[in-house]
Number of protein chains: 2
Amino acid sequence: MARKPQQERSKATMQAIVEAGFISLQTHGLAQTTTRHIADIAGVGVGSLYEYFPNKEAVFKAMNAHLTTEIVAMVRALMPSLVRLDIRPMVIRLLGHFRELLNRNDGRYLKYAGFSMHAERSRQLEAIQQLLVELIMQYALHNPQLTRLRNLPVMSYIFIHGSVFTIIRHLSEPNPNISFEQLSEGLAEMIASYAEAELAKLDAAPPS
Amino acid sequence: MARKPQQERSKATMQAIVEAGFISLQTHGLAQTTTRHIADIAGVGVGSLYEYFPNKEAVFKAMNAHLTTEIVAMVRALMPSLVRLDIRPMVIRLLGHFRELLNRNDGRYLKYAGFSMHAERSRQLEAIQQLLVELIMQYALHNPQLTRLRNLPVMSYIFIHGSVFTIIRHLSEPNPNISFEQLSEGLAEMIASYAEAELAKLDAAPPS
DNA sequence: CGCCGTTTCCGAATTGAATCCGAACAATAG
DNA sequence: CTATTGTTCGGATTCAATTCGGAAACGGCG
């Protein structure tokens with residue numbers, strides 16, 4: 001029943017269970033990922049799993065939290081350098097790191113992300129969304145002309161969701177007929193050309 | 001075991017089960033959508049369900065096929081009128097119909113789409129993707145200047161996936177902080193402004 | 001209509017995974 | 001060392017998915 005670990009070993013057990021979740025999902029697939037399997041891989045008894053997680057879903061949530069944490073850390077670390085780049089290289093760099101992270105450990109994270117996006121579980125996704133909104137704000141601060149864009153919230157929403165889902169879907173495809181490089185360049189182009197076009201429009205007919 | 005219906009009444013049973021699947025999902029949620037529930041709602045015994053579907057997943061697949069069929073029919077019916085519009089109104093009209101379809105029956109379809117996007121189940125999604133590629137091709141035929149765009153496949157991929165996922169996610173949000181109209185106009189703007197910018201670029205420096 | 005082979009329907013029985021629980025095993029305090 | 005609290009374990013329980021054996025409805029036919 002969702003106990004809080006008080007000794008060191010129990011923290012290790014918890015961590016082992018979460019990692020076992022990723023491993024089981026990766027090697028056996030969702031259907032075969034039973035509590036018994038997870039516990040076996042983690043090297044603990046089934047009962048132990050229930051000491052720290054109220055149910056199987058909670059294990060998935062913990063996996064989600066783990067992944068979210070890694071993504072947030074990655075973006076935060078990248079942010080200072082991103083804000084100094086032009087839009088296209090900025091987007092391409094960010095997406096490249098995103099891909100690298102998802103592909104770690106033989107795509108362990110990707111496998112999870114691929115079928116996780118959907119579920120209710122994803123209050124977590126909002127954390128990432130907020131972080132990316134923050135990135136856009138920071139970026140705008142370093143590139144003040146962007147602050148003239150009026151519908152930044154809407155377009156941010158579109159760029160963020162459009163990019164994230166498209167990337168995850170693309171990485172999950174067994175044999176996509178376009179390359180990751182083409183895709184990320186396309187996304188960068190889409191975003192940059194929108195911003196440029198909009199700014200040009202403002203210059204032509206200054207806002208009232 | 002996945003019998004083929006030969007009499008009329010069995011066809012009705014099958015249809016009732018698929019519809020019950022949507023209803024159960026809508027009113028009781030995924031977790032409560034058991035075979036017994038589905039059968040109860042459909043007004044048949046559990047055993048009957050297994051006469052036509054090898055397992056529960058197959059019911060979901062049938063739901064998916066049903067929804068896909070409706071979407072395809074909708075787009076095909078719309079296509080002749082869409083190709084005559086400018087990009088922005090074309091996108092907005094298409095998305096508007098898409099929304100209307102997903103919201104039918106108190107969002108029965110949307111609920112399903114929301115958590116279905118992901119799964120393996122979605123060989124179906126490819127049918128929609130292909131249809132939209134076809135729409136873009138038809139559109140380009142009616143607007144020949146678009147055929148000059150070189151990376152249409154990549155950008156189509158981005159526009160299609162970006163739009164579909166973003167729309168479904170937005171419609172699924174309980175209280176989004178941007179309106180559907182803003183969103184669809186934003187998507188239209190993104191697509192149109194990309195096309196315009198790219199064409200302008202080609203005019204400035206004609207392709208080698 | 002009454003009979004027969006076929007199709008459809010059913011729900012009790014089976015199976016297996018998720019979850020619960022209490023005993024056994026470690027750590028830590030005094 | 002003993003008491004107390006934290007941790008692990010795996011068998012027992014519960015519940016949903018699936019199977020199965022036969023009942024009921026159908027549709028033609030004499």
Side-chain angles (χ1 to χ4, degrees), chain A residues 1-64 112 115-116 119-121, chain B residues 1-64 112 115-116 119-121:
Chain A
M1 358 187 135
R3 162 174 316 186
K4 282 171 200 169
Q6 315 213 347
Q7 299 178 4
E8 262 316 307
R9 58 179 178 146
S10 64
K11 273 207 197 298
T13 301
M14 243 181 128
Q15 179 51 43
I17 291 171
V18 172
E19 183 166 349
F22 281 113
I23 294 174
S24 172
L25 205 60
Q26 174 189 35
T27 59
H28 298 287
L30 179 57
Q32 304 303 320
T33 296
T34 69
T35 50
R36 211 169 293 271
H37 245 132
I38 294 176
D40 284 350
I41 293 175
V44 304
V46 226
S48 300
L49 190 153
Y50 284 90
E51 288 294 328
Y52 301 103
F53 302 95
N55 50 47
K56 187 164 87 156
E57 183 63 16
V59 177
F60 285 103
K61 278 189 188 150
M63 289 162 65
N64 209 321
Y112 176 75
F115 85 90
S116 161
E120 290 318 311
R121 205 173 300 156
Chain B
M1 0 188 132
R3 162 173 316 185
K4 282 169 200 170
Q6 316 215 344
Q7 299 179 5
E8 262 317 306
R9 59 178 177 148
S10 64
K11 273 205 198 298
T13 300
M14 245 180 126
Q15 179 51 43
I17 290 171
V18 173
E19 182 167 350
F22 281 113
I23 294 174
S24 172
L25 206 58
Q26 174 189 35
T27 60
H28 298 287
L30 179 57
Q32 304 303 320
T33 296
T34 69
T35 50
R36 208 170 295 272
H37 247 135
I38 295 176
D40 284 350
I41 293 174
V44 304
V46 228
S48 300
L49 190 152
Y50 285 90
E51 290 291 331
Y52 303 104
F53 302 95
N55 51 45
K56 189 165 86 154
E57 182 63 17
V59 177
F60 286 104
K61 279 189 187 151
M63 289 161 66
N64 209 320
Y112 176 75
F115 85 88
S116 160
E120 289 319 311
R121 203 175 300 156

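Remember, it's a predicted structure, so these values are computed and weren't measured experimentally. Every chain is numbered from 1, with letters handed out A, B, ... down the list of sequences.
The distance between atom CE of B/M14 and atom P of C/dT8, rounded to the nearest whole Å, is 11 Å. Atom CZ of B/R9 is separated from atom C1' of D/dA24 by 8 Å (rounded to the nearest Å). The distance between atom CD of A/E51 and atom P of C/dG22, rounded to the nearest whole Å, is 13 Å. One atom, CG of B/L49, and another, C1' of D/dA16, lie 13 Å apart when rounded to the nearest Å. A straight line from OH of B/Y52 to C1' of D/dT19 spans 16 Å, rounded to a whole angstrom. Rounded to whole Å, atom C1' of C/dG11 lies 11 Å from atom CG of B/D40.
The structure places OH of A/Y52 at 10.0 Å from NZ of A/K11, a figure rounded to the nearest 0.5 Å. For the atom pair A/E51 CD and A/T13 OG1, the distance stands at 10.0 Å (nearest 0.5 Å).
Distances shorter than 4.0 Å separate none of the side-chain N or O atoms of A/S10 from OP1 or OP2 on D/dG6. For D/dT8, the OP1/OP2 oxygens have a side-chain nitrogen or oxygen of A/T13 closer than 4.0 Å.
Ring geometry for A/F60 against A/Y112 counts as parallel: the plane angle stays under 30°, on a 0 to 90° scale with 60° as the upper cut.
For the pair A/G43 and B/A31, both in contact range of DNA chain D, the more 5′-proximal nearest nucleotide belongs to A/G43.
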If you restrict it to nitrogen or oxygen atoms, what contacts under 3.5 Å exist between nucleotides 12-19 of chain C and the protein, and what is each distance?
| unit_1 | atom_1 | unit_2 | atom_2 | d |
| --- | --- | --- | --- | --- |
| C/dA18 | OP1 | A/K56 | NZ | 2.8 |
| C/dA18 | OP2 | A/T35 | N | 2.8 |
| C/dA18 | OP2 | A/T35 | OG1 | 3.0 |
| C/dT19 | OP2 | A/Y50 | OH | 2.7 |
| C/dT19 | OP2 | A/K56 | N | 2.8 |
| C/dT19 | O5' | A/Y50 | OH | 3.4 |

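The side chain to side chain donor-acceptor pair (under 3.5 Å) pairs that include a residue from residues 18-33 of chain B are B/E19-B/R108, B/S24-B/T33, where partners are two or more places apart or lie in different chains.
Residues that satisfy the side chain to side chain contact (heavy atoms under 4.5 Å, CB included) test with B/R36, not counting sequence neighbours, are B/T34, B/D40, B/V46.
Ring to ring, A/Y50 and A/F53 are not that close: their centroids are 6.0 angstrom or more apart.
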